[in-house]
Amino acid sequence: DAGITQSPRHKVTETGTPVTLRCHQTENHRYMYWYRQDPGHGLRLIHYSYGVKDTDKGEVSDGYSVSRSKTEDFLLTLESATSSQTSVYFCAISDSGTGTDTQYFGPGTRLTVL
Amino acid sequence: QKEVEQDPGPLSVPEGAIVSLNCTYSNSAFQYFMWYRQYSRKGPELLMYTYSSGNKEDGRFTAQVDKSSKYISLFIRDSQPSDSATYLCAMKGITGGGNKLTFGTGTQLKVEL
């Protein structure tokens, strides 16, 4: 998985609780991404980062926030989890963000919100 | 209508068959096209990457892009049970911040002995 780890790998939580997912990379890549994967929707971009403290919204950012204080770590926070946020979350990294740049994915975190 | 359409399958074929997987898209700005393979409960892994129209071959895999028809294909020759996975197409334009990819929903493939 291209030097990408995600933690936790599985989590069950209750509606209304805060949840933080962590992505850690050892590739020193500039760009990091958070996606969610749901049946019938494929992979959808939540937020991405193009450098330390530089982040931007993706297609489905409502209810999520992110932070990147170090090159290697990208955190995704659900401030108050809802059942609609039950999903599999993938982190991805890429080097330059240019046209030929490719994204490499982590192993995923399976989140269940009861 | 989604920007990228992909038949979800499942597609079941016998070992040794030629498999054809396809995606159509509506955004003419897409210039880069990728195929990812995703095994059950794993992250997607990049399989093929092509720029603009044309073919690209890598072993048993051939990626084909027809920009005039907004249609991309992945062919798998001599399919093996180990090819059983979900195949995701992805694409992006030249401009636009963050290297954003637009994915199809994935086609589930099963290669049977």
Side-chain angles (χ1 to χ4, degrees), chain A residues 1-6 9-10 21 23 25 29-51 54-61 66 68 74 87-111, chain B residues 1-10 21-25 27 29-52 56 58 63 65 67 72 85-108:
Chain A
D1 293 320
I4 308 168
T5 56
Q6 293 185 231
R9 294 293 313 279
H10 299 88
L21 308 183
C23 177
Q25 59 144 330
H29 280 4
R30 179 182 174 191
Y31 286 80
M32 298 185 76
Y33 312 80
W34 277 109
Y35 290 88
R36 59 178 291 174
Q37 187 174 38
D38 305 287
H41 290 279
L43 283 158
R44 292 180 291 174
L45 182 65
I46 304 171
H47 281 281
Y48 68 97
S49 169
Y50 47 98
D54 292 322
T55 65
D56 204 351
K57 295 178 180 180
E59 178 187 358
V60 289
S61 59
V66 290
R68 191 169 178 201
F74 193 32
S87 186
V88 182
Y89 291 86
F90 288 100
C91 174
I93 64 173
S94 69
D95 193 12
S96 65
T98 60
T100 55
D101 193 28
T102 56
Q103 293 184 24
Y104 300 94
F105 285 80
T109 294
R110 191 168 294 268
L111 176 67
Chain B
Q1 186 184 2
K2 294 179 181 176
E3 276 191 296
V4 179
E5 298 280 356
Q6 186 175 9
D7 188 330
L21 304 168
N22 311 292
C23 288
T24 59
Y25 63 95
N27 189 343
F30 289 144
Q31 297 286 335
Y32 298 91
F33 304 92
M34 287 136 275
W35 286 94
Y36 283 83
R37 178 175 61 195
Q38 185 176 23
Y39 291 113
S40 181
R41 294 183 173 264
K42 300 287 187 182
E45 56 179 329
L46 183 66
L47 200 57
M48 299 286 284
Y49 190 113
T50 54
Y51 170 66
S52 197
K56 184 175 182 180
D58 184 2
V65 175
K67 288 187 65 184
I72 70 170
T86 296
Y87 291 80
L88 305 162
C89 64
M91 46 199 80
K92 64 179 179 178
I94 292 177
T95 58
N99 197 31
K100 294 177 187 177
L101 293 177
T102 301
F103 283 86
T105 52
T107 299
Q108 186 180 352

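Numbers restart at 1 for each chain; the letters A, B, ... are given by sequence-line order, proteins then strands.
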If you tally heavy-atom pairs under 4.5 Å against chain A, which of B/Glu45, B/Lys42, B/Met34, B/Arg41 wins? B/Arg41

I need the minimum non-hydrogen distance between A/Gly40 and B/Thr105, along with the two atoms involved. O-CG2, 3.4 Å

Among residues two or more places apart or on two chains, list those pairs meeting salt bridge (charged side-chain N to carboxylate O under 4.0 Å, His left out) that have a residue in residues 96-109 of chain A. none

Examine whether an atom of B/Gln38 lies under 4.5 Å from a heavy atom of chain A, and if so say whether it belongs to the side chain, the backbone or both; otherwise answer neither. side chain

Output for pair (A/Tyr33 OH, B/Leu101 CG), nearest 0.5 Å, gives 7.0 Å

Heavy atoms of B/Pro44 and A/Phe105 approach each other most closely as O-CB, 3.4 Å

For the candidates A/Leu43, A/Thr102, A/Asp38, which exhibits the highest count of non-hydrogen atom pairs separated by less than 4.5 Å from chain B? A/Leu43

Side chain, backbone, both or neither of B/Tyr49 within contact of chain A (heavy atoms, under 4.5 Å): side chain

Using non-hydrogen atoms and a 4.5 Å limit, figure out which bit of A/Gln37 sits close to chain B: side chain, backbone, both or neither. side chain

Which pair of heavy atoms, one from A/Gln103 and one from B/Tyr36, lies closest together, and at what distance? O-OH, 2.8 Å

Chain B contact via A/Arg110 - side chain, backbone, both or neither, heavy atoms under 4.5 Å: side chain

